[in-house]
Protein chains: 2
Amino acid sequence: MTQSKTDPRILRTRKLIMDSFIELSGKKEFKDITIKDITTEAMINRATFYYHFEDIYDLLEKVLSEVLLINLNGDSYEKGELNEGTFVSIFSAITNFQTSLSNRCHRGYEDTIARIIREQLEIIFYKMLLKQRPSENKQALNTAAVMLSWGLYGASVEWRRNSRTISPEEFIKPVIPYITHGMKTGLP
Amino acid sequence: MTQSKTDPRILRTRKLIMDSFIELSGKKEFKDITIKDITTEAMINRATFYYHFEDIYDLLEKVLSEVLLINLNGDSYEKGELNEGTFVSIFSAITNFQTSLSNRCHRGYEDTIARIIREQLEIIFYKMLLKQRPSENKQALNTAAVMLSWGLYGASVEWRRNSRTISPEEFIKPVIPYITHGMKTGLP
DNA sequence: TCTGTTTTGTTGTTTATACAACACATCGGA
DNA sequence: TCCGATGTGTTGTATAAACAACAAAACAGA
């Protein structure tokens, strides 16, 4: 798990698995996707799946993490810039991700997926906050990351509740000043 | 080499190598393509190349064989139908292949490539003739295949000599009746 | 010509993947 | 309820791929 990322075989296989999962997510609901489906689509052995991922939720985690990082502007992320573009990118990524998962009405799975999304959001926000303010109280940064992850996830729930009448970008942009510049001003 | 074709790892790796070679053929001349170029593009180890192919000419052979078989209509090939469509497909395939190799003026390589193309054509024609006439004298069928391969390759040389003023299909179609129905009639 | 550089093939060892077999869990229908 | 079928997760072994190191050939330039 340490230097394993450099072995081309590992990179290839993980990409095959992740891409197959994303592909299948567009075709059927999450609850109907089996490990066998994924490995068949990826043309790899089922045992190989378990070499890389604990289970399908572990895969979901890592796919989400990938999706979030890929959609983020590399520069902004490296610098920990929590600006408008960053929030828009992250919000778009999670709404797209949820839409492609097409998990509409399955409570049991939705809870797990929601938790995974919040966890990954929290990880990213914490890393970026840490880069932005390395000397700050870590406990405070962690709590801030937790609140951001719950808040942004909640916004995505609200966006879906509104039947996707406007784009994710339009939906999230107006509120970003409140996040970046505080509730008192709500202005950049 | 016997059942090796069924191992997914082998199929994957060979496809990666072949696709990379085809990709590189479009960018630079054959003589400038090194094994290292191919394996780098394919993201596989150089030693793995030699596990599958003897050298770059062996690869060329197998790529050409693939290209020819893929472009052939599966049905016609299975039945050994040497009809107009078959000849057009094969002729288009080899002209496209040569164009993508972009081997314009390098005599030494051109001879080797020409030999490989003729050999692969001969193999395909012999197989199809054998299916069409299983009871025929094998020596005669072999010689017929040799003549067809030389003839069709010669036609491709002539087509290039004419600076590709017409499409390969237009170029070869008028002469096909002479092949399929003989020189005496030249009519279907 | 000589010399340093690149490319070609090869070999031995380590690591990842394929595959088959297994126990167990889950689930839908008789 | 039971039962067959399907999915999950694990294990042992065979094989392919990665990697590093090597000698020899091909090559470019002084």
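So you know, we letter chains A, B, ... as the sequences are listed, proteins then strands, and number each from 1.
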Taking the basic N atoms (NZ, or NE/NH1/NH2) and the acidic carboxylate oxygens, is any pair closer than 4.0 Å for [X] and [Y]?
X: B:Arg118; Y: B:Glu122; value: no
X: A:Arg115; Y: A:Asp111; value: no
X: B:Lys173; Y: B:Glu169; value: no
X: B:Lys28; Y: B:Asp32; value: no

Which nucleotide in [options] has an atom nearest any side-chain atom of [X]:
X: A:Tyr50; options: D:dG7, D:dG9, C:dA16; result: D:dG9
X: B:Ile35; options: C:dT8, D:dA20, C:dT15; result: C:dT8
X: A:Asp7; options: C:dC19, C:dT15, D:dA17; result: C:dT15

(message) Taking the ring centre of each residue, are B:Phe87 and B:Phe91 less than 6.0 Å apart?
(response) no

Calculate the interatomic distance between [X] atom [atom1] and [N] atom [atom2]; express it in whole Å.
X: B:Leu59; N: C:dG9; atom1: CG; atom2: P; answer: 12 Å
X: B:Ile33; N: D:dA26; atom1: CD1; atom2: P; answer: 20 Å
X: A:Ile17; N: C:dA16; atom1: CD1; atom2: C1'; answer: 12 Å
X: A:His52; N: C:dA16; atom1: NE2; atom2: C1'; answer: 7 Å
X: A:Met43; N: C:dA16; atom1: CE; atom2: P; answer: 21 Å
X: A:Ile10; N: C:dT15; atom1: CD1; atom2: P; answer: 11 Å
X: B:Lys36; N: C:dT6; atom1: NZ; atom2: C1'; answer: 12 Å
X: B:Asn45; N: C:dA16; atom1: CG; atom2: C1'; answer: 13 Å

(request) Give a yes or no on whether a donor-acceptor pair under 3.5 Å exists between the nucleobase atoms of D:dA17, that is its base, and the side chain of A:Arg9. (result) yes

(message) Nearest heavy atom decides the nucleotide; on that basis, is B:Tyr51 or B:Ala47 closer to the 5' end of DNA chain D?
(response) B:Tyr51

Identify each atom pair where a protein N or O and an N or O of nucleotides 24-29 of chain C are less than 3.5 Å apart, giving names and distance.
none

(message) Checking the side chain of A:Asp37 only, and the main-chain atoms of A:Thr34 only, is there a donor and an acceptor separated by less than 3.5 Å?
(response) yes

(request) Measure from the side-chain N and O atoms of B:Ser65 to the backbone N and O of B:Glu61, and report whether any donor-acceptor pair falls under 3.5 Å. (result) no

(message) Taking 4.0 Å as the cut-off, does a side-chain nitrogen or oxygen of A:Arg46 come that near to OP1 or OP2 on D:dT10?
(response) no

(request) Examine C:dA16: is either OP1 or OP2 under 4.0 Å from a nitrogen or oxygen in the side chain of A:Thr48? Give yes or no. (result) no

